[in-house]
S.K.: 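Take a look at the following structure, please.
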Amino acid sequence: MKSATGAGGLRSAAGLRSASGRYFVHNPGPTNIPDRVLEAFRRPAIDFSDPEFVSLVESIWAELPELFGGADKVVVLTMVGHGAWESSLVNTLDPGDAVLIPDCGLFGRRWASMARDLGYEVITTETHFRRPTDPNEIADILAADTTRRIRNVCIVHTETSTGAVTDLAAMRSAIDAVGHPALLVVDAVCSLGVEPLRMRDWGIDVLVATSQKGLMLPPGLSFCALREPALQRSRSASTPRHHLAWQPRFEDDHVYKRFGGTPPIQHMFALRAVLDVIAELGGVDAMAARHRRWAAAVHAAVDGWGTDGPWQINIANPEHRTSAITCVRSGELQAGPLVTAARDRFNVSVGSWMLGAHEGDGFRIGHLGDLNEPMLLGALGGLETAMTVLGMPHGDGLPAAVASLAATAPDPAT
Ligand SMILES: *Cc1c(COP(=O)(O)O)cnc(C)c1O
C-alpha cells in the first residue's frame with residue numbers, strides 16, 4: 001500500500017522499504033529538520049498584529065544580519081530560492097543591463113537563464129564543472145570591460161550540482177583589483193549554515209539564501225541579505241517590479257509590509273526555533289566546523305570505494321570542495337540504480353546526478369543540516385550495502401569514514 005507515514009517516514013510505493021526505523025535524508029536539500037523545529041509548526045494561528053507575534057518577528061529581525069556575517073538589511077521572502085534569485089536581479093538592474101554569471105554548474109546556468117528571460121544580457125566564463133570559479137578569470141573579464149557595462153557579478157558560492165565552493169574573499173579582491181564598480185551578488189543557498197559567510201568582511205553586496213538546506217527548515221522561505229551599496233542601487237534601479245521590490249518593505253515596520261502580505265506565521269515560529277538551535281550549536285562558525293568534519297568523512301568513504309571501483313569525487317582538489325555536498329562520479333557505470341536501491345531498499349535518500357550524460361554519471365550525497373556522526377555513517381553504510389547488493393565494484397568506504405571521524409573527533413574536555 002502506498003503513502004503510509006509514521007515514525008519511519010515515507011513508505012515506498014513498491015513496499016520494499018523497511019517499515020521500521022528512520023528514513024535517512026541525505027539530499028542536498030531538503031534536509032533533516034530538528035524535532036523541535038517541526039514542533040514549532042504545530043502552534044495554533046495567531047493574529048499577525050498581536051504583540052506576541054510582532055515581538056517574535058522583531059527578535060528574528062535583530063538576529064538575521066549576523067546570520068549572514070553582517071548584512072545591513074535583510075528581506076525575507078515567502079518563496080523558494082528562485083524568487084530570491086529574481087529579486088536579486090530586478091532590484092539592482094536597469095532593463096537590458098549586463099551581468100556576469102560564470103558557467104559553474106547547473107544552478108549558475110539556471111540563474112543565467114532567468115536573467116536572460118528577464119531581458120538582461122548575460123556575460124559568462126569558460127564552462128567549469130569540476131572546479132570553482134577562478135577569481136583571476138573574473139578579474140580578466142572585468143578588466144576588459146572598459147566601458148563598465150557589467151553591473152553585477154553573480155557568484156554561486158556552493159554549486160550544488162558539482163560540489164565546488166568558491167573563494168568569496170578572493171572574488172572581492174579580484175573585483176577591487178581592477179577597480180570595477182559591479183556589485184558582488186552571491187547565491188549562498190547551499191552554503192548558509194554550512195560554510196563561513198562574512199558579508200561585511202568579504203564585501204558581499206547581495207546574498208541570496210533559503211530555508212531548506214543548511215538552515216534546517218522546510219522549503220518556503222528565502223532571503224536577500226543586503227549591504228549598503230545594494231540598497232543604494234535598489235533606489236535607482238529601474239526594472240519594473242512590485243511584489244519583489246525591496247524598498248517598500250523598509251518603508252514602515254508593520255509586519256504585513258515586511259512580508260509584502262500576510263506573514264508566514266508558522267514559518268516564523270520555526271525560524272525562531274532554528275535560530276535558538278543554531279545558538280545552542282555554538283553559532284554558524286561552529287556549524288561550519290562540524291560540516292567540515294562530516295565532509296572529510298564522506299570524502300574518505302568515496303576515496304575508499306574508488307580504490308576498487310569507478311567512484312571518484314567530482315572536485316579533485318580537496319581545497320575546492322564544499323562541506324555541504326559531495327558529487328560522486330561513476331564514469332561509465334550508471335548510478336541511477338544505486339540511488340533507487342539505496343532509497344527503496346535501505347532507507348537512504350541521496351541526490352541524483354545533475355550534470356548530464358556528457359559529463360558521465362554519478363550521484364550526490366548531501367551532508368548538511370541536522371545531522372550527527374552515526375546518521376552519516378548510516379547513510380554511507382546504506383549506500384555501500386546497496387552497491388554490494390547490486391554487484392557494483394567498490395573498495396571499502398565505511399572503515400575510512402570511521403577512521404576520519406575518529407581522527408577529527410573533538411576532545412570532550414575542550
Ligand atoms: C537549491 C538551490 C537553489 C534553488 O533553490 P530553490 O529553493 O529550489 O528555488 C539555488 N541555488 C543553489 C546553489 C541551490 O543549491
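Below, all heavy atoms of this structure are taken into account, side chains as well, without hydrogens, waters or symmetry copies. Numbers here simply count residues along the sequence, with the first being 1. Predicted model, so just to flag it, every value in this text is computed and none were measured. All ligand and atom numbering here is 1-based and tracks the order in the structure.
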S.K.: What orientation do His367 and His299 show, parallel under 30°, tilted 30 to 60°, or perpendicular over 60°?
M.R.: perpendicular

S.K.: For Phe68 and Phe223, run ring pair (Phe, Tyr, Trp, His ring centres under 6.0 Å): C-alpha distance rounded to whole Å, both residues' side-chain angles, the deciding distance at 0.1 Å, then the answer.
M.R.: CA-CA 10 Å; Phe68 306 104; Phe223 307 89; 5.8 Å; yes

S.K.: Suppose I only count heavy atoms of Asp187 and a 4.0 Å limit; which atoms of ligand 1 are within that range?
M.R.: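 Listed by number with element, the hits are 10 (C), 11 (N), 12 (C), 13 (C).
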
S.K.: For Cys190, counting its heavy atoms only, list the atoms of ligand 1 lying under 4.0 Å from any of them.
M.R.: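 With Cys190 as reference, the close atoms of ligand 1 come out as 15 (O).
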
S.K.: Quick one: do the Trp294 and Ser323 side chains pair a donor with an acceptor below 3.5 Å?
M.R.: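 No, no side-chain donor-acceptor pair sits under 3.5 Å.
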
S.K.: Identify which one of Asn91, Leu244, Val208 satisfies the side chain to side chain contact (heavy atoms under 4.5 Å, CB included) criterion when paired with Glu86.
M.R.: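 In the set Asn91, Leu244, Val208, the residue that makes a side chain to side chain contact (heavy atoms under 4.5 Å, CB included) with Glu86 is Leu244.
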
S.K.: Do His82 and ligand 1 have an N or O pair less than 3.5 Å apart?
M.R.: yes

S.K.: Judged by non-hydrogen atoms, does Gln212 sit under 4.0 Å from ligand 1?
M.R.: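 It does, in that a heavy atom of Gln212 comes within the 4.0 Å cut-off of ligand 1.
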
S.K.: Which of the numbered atoms in ligand 1 are below 4.0 angstrom from a heavy atom of Thr158?
M.R.: 13 (C)

S.K.: Is Arg110 positioned over the aromatic face of Trp85, cation under 6.0 angstrom from the ring centre and no more than 45 degrees off axis?
M.R.: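 Output no; distance or angle outside limits.
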
S.K.: If the cut-off is 4.0 Å to any non-hydrogen atom of Lys213, which atoms of ligand 1 fall inside it?
M.R.: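 Atoms satisfying the 4.0 Å criterion: 1 (C), 2 (C), 3 (C), 14 (C), 15 (O).
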
S.K.: Within the 4.0 Å heavy-atom shell around Thr160, which atoms of ligand 1 are there?
M.R.: 12 (C), 13 (C), 14 (C), 15 (O)

S.K.: Considering only heavy atoms, does Trp111 approach ligand 1 within less than 4.0 Å through its side chain, its backbone, both, or neither?
M.R.: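 Neither; nothing of Trp111 gets under 4.0 Å from ligand 1.
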
S.K.: Relative to the heavy atoms of Gly81, which atoms of ligand 1 are at a distance of less than 4.0 Å?
M.R.: 5 (O), 6 (P), 7 (O), 9 (O)

S.K.: Ring of Phe269, cation from Arg272 - is the NZ or CZ under 6.0 Å from the centre and inside 45° of the axis?
M.R.: no

S.K.: Determine whether a donor-acceptor pair (N or O, by modelled atom type, separation under 3.5 Å) exists between the side chain of Ser404 and the backbone of Ala400.
M.R.: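 Flag not set: sc Ser404 to bb Ala400 has no pair under 3.5 Å.
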
